[in-house]
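Take a look at the structure below.
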Amino acid sequence: MIRLYNTLTRKKEELQTLEPGIVKMYVCGPTVYNDAHVGHAMSALVFDIIRRYLEYRGYRVRHVMNYTDVDDKIIQRANQMGIDPFALAQKYIEDFNQNLEDLNILPATSKPQVSKTMPQIIAFVQGLIERGYAYPTPSGDVYFRVTKDDDYGKLSGRKLEEMQAGARIEVGEEKQHPMDFALWKAAKPGEPAWDSPWGKGRPGWHIECSAMNLAELGEQIDIHGGGNDLIFPHHENEIAQTESYTGKPFARYWMHNGMLQLGGEKMSKSLGNIISIKEFLSKRDADVMRMLVLNGSYRAPLVFNEETLDAAEKGLERLKSALRPAINKSADSTADAVVALPAAIQTVETAFTEAMDDDFNTAGALGALFDFVRAINTARDAGATESQLRPAQDTLRKLTGVLGLRLTEKRGAGDADKFIELLLEVRTEARKQKLWALSDMIRDRLKELGVIVEDSREGSTWRYS
RNA sequence: GGCGACGUGGCCAAGUGGUAAGGCAAGGCUCUGCAAAAGCCUGAUACAUGGGUUCGAAUCCCAUCGUCGCCUCCA
């Protein structure tokens with residue numbers, strides 16, 4: 001039984017899908033006008049991990065992630081650069097897809113774009129007007145009428161009366177209520193625009209997700225996800241639109257990831273304290289970012305700095321250490337630590353699942369995995385053979401794989417391997433002759449070249465650092 | 001000002017009523033020519049502070065302090 005925290009009820013609830021065995025999940029994607037940053041990576045990783053785990057538990061996941069490719073900022077930036085806004089958006093969509101692939105994030109089963117969903121959006125707005133939930137203005141805008149929606153504010157825990165004080169109305173707006181928000185904006189000169197019953201214009205921010213959800217997944221979905229900075233107003237407004245339109249509850253579970261913290265505050269485009277995914281990946285392995293996310297709780301802020309990244313990287317090394325080959329090449333061992341391995345497999349499977357079932361407690365799951373790593377390493381040291389180690393290592397690979405970790409050893413150019421082997425042979429000979437200075441030099445120089453040499457009683461081993 | 005989340009050892013962090021997982025860092029040890037790796041051991045007189053409920057609380061309630069998010073575009 002999987003339990004997950006629902007922002008709407010502020011409680012953990014048992015996962016009950018609309019259709020047995022199928023999870024319909026919609027996650028808000030980025031507005032594509034510049035390089036995606038590691039905060040986007042966190043969000044994408046969180047929902048990738050959730051998806052992978054749901055699939056591991058036997059669900060088929062219909063995973064939709066949208067691209068907002070029609071937006072003020074895109075238009076603004078494109079105008080500055082003197083290029084077509086659609087071309088700009090397309091470039092960043094492709095970049096983001098590449099980022100996701102580099103981060104080992106499974107591609108969403110569907111990736112709709114606003115610019116390709118225009119008829120559905122217009123129909124949606126039209127439907128809201130017909131039902132009395134929206135109204136056009138003389139200048140060609142269309143607003144959602146919040147006073148008509150009696151439970152407006154239920155997701156973010158706000159009441160209309162309380163919000164009015166701080167609300168601001170721009171000069172020239174024709175809202176009937178300060179909190180009314182735009183479903184459709186009349187076109188300004190030089191902007192991309194689409195024909196509509198209200199004249200040329202383009203959609204407001206929130207309506208696109210409602211329309212794409214409806215088009216891709218239907219009137220009701222299981223999980224709606226995104227960063228917790230989207231709770232208000234974006235998701236609040238989405239609920240208002242969709243439920244007013246369909247008359248049915250929209251998403252069963254609202255899931256929100258916490259914000260990535262850089263230097264004590266949220267990383268965001270508007271604050272300008274950004275590290276792009278590309279920049280991150282030029283310095284660290286993709287698994288490091290994932291490990292950082294796994295070590296924490298997806299709902300809590302994530303501390304992102306050199307220290308936590310180093311810790312994540314070392315933790316990764318530790319997981320990998322269990323996958324190193326057996327030392328004992330002869331007969332099977334009967335040492336206690338080796339005999340205990342099958343039981344450890346059972347233990348880790350159970351502990352892993354229990355943790356993950358409880359609102360995707362990845363930190364707890366990692367704890368179980370690290371215990372298992374110790375069991376494997378102890379067994380190896382105690383003399384387990386390859387065949388004795390393999391089932392446990394397979395289990396570790398399987399479970400870390402569920403979390404989306406690759407645990408790949410770094411590879412150099414393949415043809416270097418035999419020369420490294422040759423150097424090690426020479427070094428082994430040098431060691432036999434107690435030529436310590438020479439053998440240390442070989443080891444040091446190889447280390448500088450990214451090859452780690454380790455000696456043991458059974459001989460020397462090497463791997464890329 | 002309003003709404004919400006959170007405050008656990010040097011750092012990251014699990015645990016939401018029964019007596020503190022795990023990782024990183026640190027110190028000691030085993031192994032070892034040295035180094036590294038792996039393994040073992042050591043560490044929170046009690047989980048922001050002050051009250052309260054309870055046989056019993058990090059875990060529930062209240063207050064205080066602090067941090068963060070949202071209230072405007074934002075994953």
Side-chain angles (χ1 to χ4, degrees), chain A residues 7 10 12 27-31 33 36-47 65 68 71-73 153 156-159 161-168 170 179 205 225-234 236 256-261 264-271 291-292 294-297 299-305 307-319 321-322 324 327 337 351 355 358 361-371 373-374 376-382 431 434-437 439-440 443-444 447 452-457 460-461 463:
Chain A
T7 306
R10 310 209 179 272
K12 284 184 193 172
V27 181
C28 287
T31 301
Y33 67 96
H37 58 71
V38 287
H40 296 108
M42 175 194 181
S43 189
L45 282 165
V46 162
F47 289 99
M65 188 198 69
T68 300
D71 169 88
D72 288 349
K73 295 221 170 97
S156 55
R158 290 154 210 253
K159 292 188 171 49
E161 312 84 69
E162 291 166 353
M163 285 189 282
Q164 287 193 54
R168 45 173 108 157
E170 303 288 330
M179 294 309 294
W205 178 32
N228 69 14
D229 55 346
L230 296 181
I231 294 173
F232 189 90
H234 186 54
E236 193 70 73
H256 294 97
N257 64 276
M259 294 293 101
L260 186 143
Q261 300 294 124
E265 57 186 0
K266 152 179 139 167
M267 177 180 296
S268 78
K269 292 177 185 176
S270 27
L271 288 172
M291 191 68 178
L292 188 72
L294 290 169
N295 183 54
S297 156
R299 287 193 276 135
L302 182 68
V303 182
F304 180 98
N305 58 39
E307 196 176 3
T308 58
L309 286 171
D310 284 344
E313 200 162 80
K314 296 308 254 320
L316 221 43
E317 275 311 306
R318 183 157 175 72
L319 288 177
S321 76
R324 292 176 195 159
I327 300 166
D358 181 15
N361 181 355
T362 52
L366 270 188
L369 253 26
F370 281 119
D371 286 340
V373 164
R374 178 176 301 112
I376 293 174
N377 285 338
T378 304
R380 184 195 300 100
D381 283 355
R431 292 183 70 219
K434 299 194 189 304
L435 299 171
W436 306 128
S439 48
D440 288 353
R443 186 174 60 197
D444 292 345
K447 187 174 182 187
I452 294 171
V453 176
E454 287 167 1
D455 300 325
S456 74
R457 186 175 291 179
S460 305
T461 59
R463 60 194 151 85

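Bear in mind the structure is a predicted one, so any value in this text is a computation, not a measurement. Below, chain A is the first sequence line, B the second, and so on; all start at residue 1.
Rounded to whole Å, the distance from CD on A:Glu454 to C1' on B:A37 is 4 Å. Going from atom CD1 of A:Ile231 over to atom P of B:A75 covers 14 Å, rounded to whole Å. Atom C1' of nucleotide B:G39 and atom CD1 of A:Ile376 are separated by 14 Å, given to the nearest angstrom. Rounded to an integer number of Å, the gap from A:Trp436 CH2 to B:G33 P is 6 Å.
Annotation: side chain to side chain contact (heavy atoms under 4.5 Å, CB included) contacts of A:Asp381 (sequence neighbours excluded): A:Ile327. Judged as a side-chain hydrogen bond (donor to acceptor under 3.5 Å, both in side chains), and not counting sequence neighbours, the contacts of A:Arg158 are A:Ser156. A:Asn257 is linked by a side-chain hydrogen bond (donor to acceptor under 3.5 Å, both in side chains) to A:Ser43, counting only residues two or more places apart in sequence or in another chain. Applying the side-chain hydrogen bond (donor to acceptor under 3.5 Å, both in side chains) rule to A:Thr461 yields no partners; only residues at least two apart in sequence or on another chain are considered. The side-chain hydrogen bond (donor to acceptor under 3.5 Å, both in side chains) check on A:Thr308 picks up A:Asn305, with sequence neighbours excluded.
Taking atom C1' in both B:A57 and B:U16, one finds a spacing of 10 Å when rounded to whole Å. Rounded to a whole angstrom, the distance from the P atom of B:U59 to that of B:G23 is 26 Å. Straight-line distance between the P atoms of B:A63 and B:C3: roughly 12 Å, to the nearest whole Å. Nucleotides B:C34 and B:A20, compared at atom P, are 40 Å apart to the nearest Å. For B:C47 and B:A21, the C1' atoms lie 14 Å apart once the distance is rounded to whole Å. For the C1' atoms, the distance from B:U54 to B:G17 is 9 Å, rounded to whole Å.
Of the side-chain N and O atoms in A:Asn228, none sit less than 4.0 angstrom from OP1 or OP2 of B:A75. Using a 4.0 Å cut-off, no side-chain N or O of A:Arg457 falls inside it from OP1 or OP2 of B:C31.
Shown here, B:U42 forms a base pair with B:A26; the pair counts as Watson-Crick or G-U wobble because both key distances fall under 3.5 Å. Figure legend. B:A63 is base-paired to B:U49; pairs are counted as Watson-Crick or G-U wobble with both atom distances under 3.5 Å. Checking B:G17 for Watson-Crick or G-U wobble geometry (two distances, each under 3.5 Å) identifies no partner in any strand. Base pairing of B:A58: no nucleotide in any strand meets the Watson-Crick or G-U wobble criterion (both distances under 3.5 Å). Applying the Watson-Crick and G-U wobble criteria (two distances, each under 3.5 Å), B:G1 pairs with B:C71.
Closest to the side chain of A:Arg443, from the set B:G39, B:C68, B:G33, is B:G33. When each of B:A13, B:G33, B:A5 is scored by its nearest atom to the side-chain atoms of A:Arg10, the top-ranked nucleotide is B:A5. With B:G39, B:C12, B:G15 as the candidates, the nucleotide lying closest to the side chain of A:Asp358 is B:G15.
Nucleic acid contact class of A:Leu230 (heavy atoms, under 4.0 Å, all strands): sugar-phosphate only. Backbone-only contact: A:Ser297 has heavy atoms under 4.0 Å from sugar-phosphate atoms and none from a base. Within 4.0 Å (heavy atoms only), A:Gly29 reaches sugar-phosphate atoms of the nucleic acid but no base atom. A:Asn377 comes within 4.0 angstrom of sugar-phosphate atoms only, judged by non-hydrogen atoms across all strands, and of no base.
Residue-to-nucleotide contacts include a donor-acceptor pair under 3.5 Å from the side chain of A:Asp440 to the base of B:G33. A donor-acceptor contact under 3.5 angstrom links the side-chain atoms of A:Arg431 to the base of B:G33.
A donor-acceptor pair is defined here as one N or O able to donate and one able to accept, closer than 3.5 Å; no such pair exists between the side chain of A:Gln261 and the backbone of A:Val303. A:Thr68 contributes no side-chain N or O that, together with a main-chain N or O of A:Gly29, makes up a donor-acceptor pair within less than 3.5 Å.
For the pair A:Ala437 and A:His234, both in contact range of RNA chain B, the more 5′-proximal nearest nucleotide belongs to A:Ala437. The nearest heavy atom of RNA chain B to A:Arg299 and to A:Gly157 marks one nucleotide each, and the one closer to the 5' end goes with A:Gly157.
Between A:Met291 and A:Gly315, the closest heavy-atom pair is CE-C, 3.9 Å.
A:Asn377 and A:Arg380 form a side-chain donor-acceptor contact under 3.5 Å, judged by distance and modelled atom types alone.
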Problem - Under 4.0 Å protein heavy-atom contacts per nucleotide of nucleotides 18-28 of chain B, with B for base, S for backbone only and - for none - result: ---BBSSS---

